[in-house]
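Beneath this line is the structure, given in structure tokens, with notes to follow.
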Amino acid sequence: MHTVVVGTSGVTASDVLAVARGGARIELSAEAVAALAAAREIVDALAAKPDPVYGVSTGFGALATRHISQELRAQLQRNIVRSHAAGMGPRVEREVVRALMFLRLKTVCSGHTGVRPEVAQTMADVLNAGITPVVHEYGSLGCSGDLAPLSHCALTLMGEGEAEGPDGTVRPAGELLAEHGIAPVELREKEGLALLNGTDGMLGMLVMALADLDTLYKSADVTAALTLEALLGTDKVLAPELHAIRPHPGQGASAANMLAVLKGSQLTGHHQDDAPRVQDAYSVRCAPQVAGAGRDTLAHARLVAERELAAAVDNPVVLPGGTSQAFGTGGGRVESNGNFHGAPVAYVLDFLAIAAADLGSIAERRTDRLLDKNRSHGLPPFLADDAGVDSGLMIAQYTQAALVSELKRLAVPASVDSIPSSAMQEDHVSMGWSAARKLRTAVDNLTRVIAIELYAATRAIELREGLTPAPASRAVIEAVRGAGVQGPGPDRFLAPDLAAADAFVRGGDLVAAVEKVTGPLQ
């Protein structure tokens, strides 16, 4: 099994995907263990002093003014986990929880949190055992980190609360730890706070959304090309020299992908034959511009994610300086900061939801054009075998329209909202967790929208008898049939198998079918 080694300098998106979705094992590097121990020396030294230090010997948030005596500090750390584990609602998906825990471990291993090496090792052991804490949908404001979700994870480390075992059964966390030989952690100064105070949930969901959207944008380029072909449109608008004079990178990449799919087609360029058209409709002609803008948004979001993956997000943090013997510099200190604020991640999560809504919207307009006999240039109404006796794909477009309508609602930004909390101490929050949750729904819906366009476009191309589609298009149609998206027999379109089309797009099979002919898409 693939192993991910966590050091002090952050992790990659591939590491997150390997742990969250691939079940990769985790190891702590010797460098990380040394940094953990060095930072802990600083915390222990400060804890022994009479002066109050936030997160070490004080309360939290609006209660930070209270100095906590040494005999109550372990209880303080346990209590913050228990009190903050106040999430509600449906369970969050297993892959999200694994990403959440792994990214918190990444920050812990930076050596800036003051957590002991044995706590970090327990985090790795829980993930390696396939134990997944029960985390709920609601509870994070995206400021001071994803507090409630991370608290439910920390509760599992303490052997409390509920978790899902590797067999998928939810049981008391203490039982699961015992079965795997994992001792519950007994938290000490600062450790409870350090396990809760990060943007790890929203970042994990961003990383996974980026991976999914990378495939979806390629898929959308393919379905746009198939629709252009089915409508006998012109591929001249995809010429590289046209896109070079408006040099947005995403636009050029989308146009190049569409041109690669259409190479060798006998269907393109017939728009002047029986029903002359000066130009194709915007939904066809401007496909690279719209998809390209989304691709450029993805590139910006990826840059933000890369920076966050290299970050150590906690409050307070342990830094070099002062008088202790840590970090090899002759000193160290603990400082409060605002790096836990989720704004940088929340913004791009919202940007991606906006881009996803627009990509879905233009795909739906192309599908509608394929189904309308007044605009489809010779195709039967609703692509029906016997229009009137059957309704063809009429209601498939209704489904697509409903999905697009929801995509537009999901595009309303979460990050523009803020509800003060903690007695006005935390008076401006990011709502980044909410932005991430709605983006996951948006990505899910966008997949279905593209699947419906794929279903309609391949059906339409098959109806263009006497004209040979591009080799890549033929490969897609064969793969679609092979996957059972369109069953055999004359009635195979009477009950469209949209779920099979969705699975075909979701699993990356559409892109794979094209790339066997075209080579890698951009």
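Keep in mind it's a predicted model, so treat the numbers as computed, not measured. Position 1 is the first residue of the sequence, and the numbers go up from there.
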(message) Check this for me: does any side-chain nitrogen of one of Arg91 and Glu164 sit under 4.0 Å from a carboxylate oxygen of the other?
(response) yes
So with a 6.0 Å cut-off around CD of Glu241, is the heavy-atom count from everything else above 12?
yes
Separation between OH (Tyr455) and CG (Leu498), nearest 0.5 Å, reads 6.5 Å
Could you walk me through whether Val134 and His152 pass side chain to side chain contact (heavy atoms under 4.5 Å, CB included), step by step?
CA-CA 7 Å; Val134 171; His152 284 280; over 6 Å; no
Per side chain to side chain contact (heavy atoms under 4.5 Å, CB included), Thr268 is matched among Leu238, Leu262, Leu232 by Leu262
Worksheet item: Does the pair Arg246 and His248 meet the rule for a side chain to side chain contact (heavy atoms under 4.5 Å, CB included), with working shown?
Response: CA-CA 6 Å; Arg246 195 186 189 194; His248 294 289; 3.8 Å; yes
Checklist entry - Any ion pair linking Asp385 and Arg459 (charged N to carboxylate O, less than 4.0 Å)? => result yes
Here the gap from Leu303 atom CG to Leu298 atom CG, rounded to the nearest 0.5 Å, amounts to 12.5 Å
Using the rule given for side chain to side chain donor-acceptor pair (under 3.5 Å), can you reason through Asn257 versus Gln522, listing the C-alpha separation, both sets of side-chain angles and the distance that settles it, and then say yes or no? CA-CA 7 Å; Asn257 285 345; Gln522 297 185 39; 4.9 Å; no
Report task. In plain terms, say whether Glu93 and Arg98 are close enough for a salt bridge, that is, a side-chain N and a carboxylate O under 4.0 Å apart. Result -> no
Next item on the list: Check whether the side chains of Glu453 and Gln400 place a donor and an acceptor atom closer than 3.5 Å, and report yes or no.
Entry: no
Salt-bridge test for Lys438 and Asp350: reply yes if a basic N is under 4.0 Å from a carboxylate O, no otherwise. yes
Salt bridge flag under 4.0 Å for residues Asp146 and Arg104
no
Is the closest basic N to carboxylate O distance between Arg21 and Asp212 below 4.0 Å?
yes
| Cut-off 3.5 Å, side chains only: do Ser361 and Arg365 have a donor facing an acceptor? | no
The ring-ring contact (aromatic ring centres under 6.0 Å, His included) partners of His341 (sequence neighbours excluded) come to His428
**OP:** Please lay out, stage by stage, how Thr468 and Leu267 fare under the test side chain to side chain contact (heavy atoms under 4.5 Å, CB included).
**Re:** CA-CA 7 Å; Thr468 304; Leu267 277 74; 5.6 Å; no
- Message: Taking Arg375 first and then Asp368, would you say they form a salt bridge - that is, a charged N and a carboxylate O separated by under 4.0 Å?
- Response: yes
Crowding at OH, Tyr347 (>12 non-hydrogen neighbours, <6.0 Å): no
- Task: Establish, from distance only, whether the side-chain atoms of Ser265 and Glu229 form a donor-acceptor pair under 3.5 Å.
- Result: yes
One should read off an interatomic distance between Leu510 CG and Glu515 CD, to the nearest 0.5 angstrom, of 9.5 Å
Worked verdict on Ser376 versus Leu371 for side chain to side chain contact (heavy atoms under 4.5 Å, CB included)
CA-CA 7 Å; Ser376 64; Leu371 272 53; over 6 Å; no
Does one side chain, of Ser254 or Asp221, offer a donor that lies under 3.5 Å from an acceptor on the other?
-> yes
Residue pairs passing the side-chain hydrogen bond (donor to acceptor under 3.5 Å, both in side chains) test with at least one member in residues 298-312, sequence neighbours excluded, are Thr199-Glu308
Acceptor/donor pairs from residues 501-508 side chains to any protein atom, 3.5 angstrom cut, sequence neighbours excluded:
unit_1, atom_1, unit_2, atom_2, d
Asp502, OD1, Arg506, NE, 3.4
Asp502, OD1, Arg506, NH2, 2.8
Asp502, OD2, Arg506, NE, 3.3
Asp502, OD2, Arg506, NH2, 3.2
Arg506, NH1, Asp444, OD1, 2.6
Arg506, NH2, Asp444, OD1, 3.1

